[in-house]
Structure formats: C-alpha cells, structure tokens
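Have a look at the structure below, then the notes.
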Amino acid sequence: MDLHILDHRLRVTSISKSGLERFTHPLIKLIFLRNRTRCKFFSLTETPENFTLVLDEEGFKELQPSEHLQVESSTWLPLNVVSNGNVSSSSQAVGVTKIAKSVIAPLAQQHVSVFMLSTYQTDFILVREKDLSVVVSTLKEEFSIYQEVKGESVPVRCQDVTNGLQKNGKEAIQPTVHPVLIPQNQFCVMSLDPDTLPSIATTLIDVLFYSSSPKEESPEQELDCIKFFSFSLIDGYISLVMDSEAQRQFPSDLLFTSSSGELWRMVRIGGQPLGFDECGIVAQISQPLADSDISAYYISTFSFDHALVPEEDIVSVTGMLQHHRKEPAAS
C-alpha cells in the first residue's frame, strides 16, 4: 500500500454558534465561489457546540481574527492511504476501519495525535507537521510513502525527514476511556457534482446558517437526536454528511450515495471536549470496529469525535464498545 502526504498545509479552527454571522461572507465565498479563492481544501462541520473548519492556508486567509474564532496552534498535514491504485476497496469494510491497524494504531503507540476527516471519497488522516518525521519512521515498513509536490508524487526517503527526529520518550500509558453517546438520528453520506452546487445553494445556506433557529421540538427529541452537518470541498470533490431529516430538504436527484438508501448511525466520543494533544482516541474506537470488519466513517471536530457505522451494525457496535470499556477494569 502507498501512503501519500498531500500538498496541503491545514489549520483547524472553530467558530462559535453566536459568532457565525460574522463569517457568513467568507464561508459563502469558500463554499460557492471556489473560482474566487485559491482554497483547495475546505471542510465545515456543524455540531451542537460550534462549527469546525479545516482549511488550507489560502482558505485560512479569508477568516478575520475574532473572539468568536478559535484556532488550533499547529499546522496539520493530510495523509491518504492508496491501495492498489484506489483509495478504497468496495469488497471490504471501508472508512477508518481499513486503516485502523496499519496507520491509526501504530501512530497512537508513538504518541502521535491524529485528526480524522472521512469523506464520501476517501479518508484523510491529519497529523501535525512537527510530527511528520515520527510518522514517516513509524509507517515506512508498512507503506511506500510519497509526498505530493506541485501535483507530482515524490518518493519520501526516511532520511529526508529524520533530521532532528526525537522519539517520544514517554512510557506507554493507557488512554483515557471516553464516554460515548449514540443519538437516534439516521445519517447519510453523500456526494454532489460541483457543477450542480448552485442548484442547491439556497437549501445549503438555509441548513448551514438558519437551522439553529428555535424550533417547536419536544425536549425528548432534542436529547435523543443531535445536530450534525458536514460539508467538504477538497480538490474539487464534494462530500456531505447529514441526517435523514436534513436530506429531505435537498433535491433527491442531485445527491448520490454509494448504495441506494444507505443509512448510518453515529457514535459520538467524549463527555467533555477532547483537546488535541491526547493520543489514541481514534484507535480506541477504530480497533474494535476493525477487529469485527465493520465499516466506519470518522469525523473529528474541534470538541468531539464522531464515528458513523452502518445502521444494521449499531446494536453490535454498542455492545462491543461497552465490553471494550469494561476490559481495563477487569484486567
């Protein structure tokens, strides 16, 4: 398998719900006017707490400093696993599951924090730029590693990035076992032809900027379901993740999924905001799923992590995670 270090330098940011209106203009420009900006990597995810933006340096320039904008201090690099010339294999479990043992677990053992962004097309593993030498030395036995430079893939030799390499000298520690929440929403993972984006502009703006207005909902419904919407425009490819209620607002003939009627359920990780320095959070969820060959999309955000698993597997996943959480106490 090949591991590609993509030619993007990314920032991870958060916009508060109360401050969204201050960023309406740059967000509309980044989403709908891609010819007016040089941004090639843009992802926006709404959760109940905030809006998480992952975007390259050109996109980051569009955001003005504000008390409503939080910026994680690191620069992140996206990695992508390519197997047999394709980014995924339809005959096996897809998503973070297929890279859990070969990428996620080894990096966790080396105390490398990762930020996951699964899309309709592929999975991006974001690592801090300062950790790249550790990443390369950790994964060089498993992968042929290439770095994209101005559109060309150049083989990476380990010695090219090991100058100043310092192994983390910490003792391996048992990662914190975070609580999980499993909301009742059914989610869809979809894509859209970028040329048809103007056709859904009004609906997309409504969902992104006006969906948080007070609604006539029962408290029970608010507790059982969770607000989650993700839009990514990366190297010309669009990916959308939304619940089935939001999906009904869009023209069904413009959105497409990998199989008709495919629905997903969410496992939300973290009782309190997770932070960016803790290692092993993704591995904690992806390892059990990989052991059971269960597909999963995984989307990290500024505060919490989210895994999407097929609806038919949610009962077994729930039991599996409960068992996994009891194991440390029993040992």
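The basis for the numbers below is simple: all heavy atoms, side chains too, and nothing from hydrogens, waters or symmetry mates. In this text, all values refer to a predicted model and were calculated from it rather than measured experimentally.
Between the NZ atom in Lys98 and the CE atom in Met1 there is a gap of 10.0 Å [rounded to 0.5 Å]. Residue Phe209 holds its CZ atom at 5.0 Å from CD1 of Ile28, rounded to the nearest 0.5 Å.
Taking a 6.0 Å sphere around CD of Glu152, one finds it holds 12 or fewer heavy atoms contributed by other residues, nucleotides or ligands.
Both Leu274 and Ile182 are members of a single hydrophobic cluster when ILVMFWY side chains are connected at heavy-atom separations under 4.5 Å. Grouping the Ile, Leu, Val, Met, Phe, Trp and Tyr side chains by contacts below 4.5 angstrom, directly or via other members, places Phe256 with Val241. In the hydrophobic cluster analysis, where Ile, Leu, Val, Met, Phe, Trp and Tyr join through side-chain heavy atoms closer than 4.5 angstrom, Phe304 is grouped apart from Val71.
In terms of the salt bridge (charged side-chain N to carboxylate O under 4.0 Å, His left out) criterion, residue partners of Arg268 (sequence neighbours excluded) are, by chain and number, Glu49. Applying the side chain to side chain donor-acceptor pair (under 3.5 Å) criterion to Ser232, with sequence neighbours excluded, gives Ser43. Thr37 meets the side chain to side chain donor-acceptor pair (under 3.5 Å) test with no other residue; sequence neighbours excluded. For Asp277, the salt bridge (charged side-chain N to carboxylate O under 4.0 Å, His left out) test picks out Arg128, with sequence neighbours left out. Considering only residues two or more places apart in sequence or on other chains, His4 meets the ring pair (Phe, Tyr, Trp, His ring centres under 6.0 Å) condition with Tyr146.
Looking at Asp291 and Lys101, a side-chain N of the basic residue comes within less than 4.0 Å of a carboxylate O on the acidic one, giving a salt bridge. Between Glu58 and Lys40, none of the side-chain N atoms (NZ, or NE/NH1/NH2) sits under 4.0 Å from a carboxylate O, so this pair counts as no salt bridge.
Using bins of under 30°, 30° to 60° and over 60° for the plane-to-plane angle, the ring pair Phe276/Phe115 lands in the parallel bin.
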Using a 3.5 Å cut-off and no angle test, enumerate the donor-acceptor pairs between side-chain atoms of residues 183-195 and protein atoms at least two apart in sequence or in another chain.
unit_1, atom_1, unit_2, atom_2, d
Asn185, OD1, Ile226, N, 2.8
Asn185, ND2, Ile226, O, 2.9
Asn185, ND2, Asp243, OD2, 3.0
Gln186, NE2, Glu311, OE2, 2.6
Ser191, OG, Gln121, NE2, 3.0
Ser191, OG, Ile238, O, 2.7
Asp193, OD1, Asp195, N, 2.9

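None of Thr119, Thr301, Thr45 except one satisfies the side-chain hydrogen bond (donor to acceptor under 3.5 Å, both in side chains) rule with Ser230; the exception is Thr45.
Using modelled atom types, one finds no donor on one side chain facing an acceptor on the other under 3.5 Å when comparing Asn50 with Ser16.
Taking all atoms of both residues into account, the shortest heavy-atom contact from Leu233 to Leu30 is CD2-O, 4.1 Å.
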